[in-house]
Amino acid sequence: MVMLPAALAPVFAAAAPDVWSIRSGEYAVEEDRSARIAGLEVSAQGSISFVGAARGTLPSPTATLPGNVRGRGDDALLLLRAASPLALFGGDFVVRPWIDDLLAARWAADPMSDQIQQRGLWGVAPSVLAQRELRRADDMLAVRWFLAAEVLLEGLLERADANDTELTAVALSELAIAVAAQDRADVAAVHGNRAMSLVGAVPGGGSAWTAVSPYVTACVLRANALVHWCLGHLDYAEQLDQTLAAGLEAPAAIFQRFLRPLVARSRLLRLAERGQIATARELAFALLDSGPHTGSSQNQSVADRAIARTIIAELQFLSGNLDASIRELDQARAEGTAWPEEHGSLPRRCEVATALVEIARGNEERASKLLGHPRNPQAPSHWREPEPEGGIRAEAFHAVTSGLLAMVTGDPGGACTWFERARDLIADWSRLGLDRRSRLRAHSVVELLRTALLPDGDQTVATARDLTRQAEALLGDTAEDHVSRVLAVAAHRELAHRLARVGASDARSAAHRAAALAQPLGGLGVPAWDELLHAAERSR
């Protein structure tokens, strides 16, 4: 006797026709409906609570009507065409300029190794110990010991000399990063603003470069840019980075060599988040054509070009230029022979991005080859990378794209398994991520895709309603983030769809809300945003 999911029956028949030919009967075993809709699981993520169907509640492969699978797959594909893949899984491109010193400290020795021996230094050489503890905090943040770093920095600020402006400003900036990484970005902003006032940094003005050292001012500006990006204040984060870039005009060779290209990359992706696609594309090609950076090794300059091509491919994808996106990705994979250690997962992410573009082009066969074995999501990964969080980003991106491929090819059971895997990976990511914002967006996408596969019913309506609240919370008080806006539109469309399926009276209200949220997405040079806007307007 052979038991297998219904979706695999044709595969088994093709692989073993002799066994199939002598079968005496076929029987369908249905899952108990009460087990499939067994309630909600809530996991807190700071000020935003993420709610999803509990483990085991996704439908069996036969729970979604076969005639509806293709339509749900089309909706899923539209969502991932409209939501920038790097904004979901590449936020380290954005945070890199703000945490470069922390990443450089990754190889440091155990930060707790000589803690006891150093306690006596406070009475002898407090400034020496303060500097060593700042370095220890760097090390803790680099290995993602966020709570330990927070405790150390708070103690340091209590004991440090109040007149040591530079040390206090740096400690406050690192404390802001540690707290933001724990999803308390509003508290982090308080620490960051205090550091800004200490060094006299003024966003958008040359007066930021005061008597304190340029390194300290750069530290403060980077930390505040990260915190405000986490809060969704994208324009303010941009102003802070522009202030930093203006300061880099000074003849500080180390700043010119390392920070300028990093700031340029982060700015490109933040421009895309804010809907300024045409501007981002122009700047991206300028970055690619700028040539090797002074002092870079040959391998490093090749890697820089490969990273620039990856960003250009992203912008081409959003612009609907799928063939151009594929060309850039293929070239990036060819050029990226020496990816920097801090971006060691990029070759795999680049490969998965190629698979996503191929799905959008309708080339599912090549996408399947690029993804490996899309029907075995529980198999152990063989390409986990050495980065603290980059490898998990790559695996989560792979799982989501594999689930999308399963949906568009009519395999809801396989899609369910892949989205469960993606959900678990993002939970691991949350314990490591300095990059809060893209993680929350990635989580929202996975929950939207999972909800699309749930059977109709009151419990699914409740889940969809919670997703709309989460999406609008992520959109934030400034509503600048167009990627989060895409997620909010998709969430309200899903709610309207579910309400209509059960005959609820407020289905039209949800559809109107989706159309209103979609309005700012039109005419910005992203075909998928225009398509999402038109779909939302048609369903009103």
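As the structure is a prediction and not an experimental result, all values here were calculated from the model. Positions are given from 1, in the same order as the sequence printed here.
Partners of Arg485 under the side-chain hydrogen bond (donor to acceptor under 3.5 Å, both in side chains) rule, at least two apart in sequence or in another chain, do not exist in this structure. Evaluation of the ring pair (Phe, Tyr, Trp, His ring centres under 6.0 Å) rule for His191 yields no partner, not counting sequence neighbours.
Remark: the backbone N or O of Ala332 is not paired with any side-chain donor or acceptor of Arg309 at under 3.5 angstrom. Side-chain atoms of Thr468 come within 3.5 Å of backbone N or O of Arg465 as a donor-acceptor pair. A donor-acceptor contact shorter than 3.5 Å is absent between the side chain of Arg450 and the backbone of Phe419.
Between His228 and Tyr236, the ring planes are perpendicular. Angles over 60° get that label, and only those under 30° would be called parallel.
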Next item on the list: Carefully, step by step, assess Glu150 and Gln182 under the rule side-chain hydrogen bond (donor to acceptor under 3.5 Å, both in side chains).
Entry: CA-CA 10 Å; Glu150 179 185 358; Gln182 297 176 71; 2.9 Å; yes
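Side-chain contact between Arg421 and His398: absent, with no pair of heavy atoms (C-beta onward) separated by less than 4.5 Å. In this structure the side chain of Phe89 never reaches within 4.5 angstrom of the side chain of Val352, judged on heavy atoms.
Of the listed residues (Asp75, Asp74, Leu453), just one forms a side-chain contact (heavy atoms from CB on, under 4.5 Å) with Met407, and that residue is Leu453. A side-chain contact (heavy atoms from CB on, under 4.5 Å) with Leu356 is found for exactly one of Thr401, Leu371, Leu370, Leu329, namely Thr401.
Taking CZ of Arg361 as the start and OG of Ser325 as the end, the distance is 9.0 Å to the nearest 0.5 Å. To the nearest 0.5 Å, the span separating CG on Leu315 from OG on Ser84 amounts to 8.0 Å. Taking CG of Leu234 as the reference point, atom CZ of Arg437 lies at 6.0 Å (rounded to 0.5 Å).
Using a 4.0 Å cut-off between charged nitrogen and carboxylate oxygen, Glu472 and Arg513 count as a salt-bridge pair. Under 4.0 Å is where a charged nitrogen must lie from a carboxylate oxygen, and between Glu351 and Arg348 at least one such pair does.
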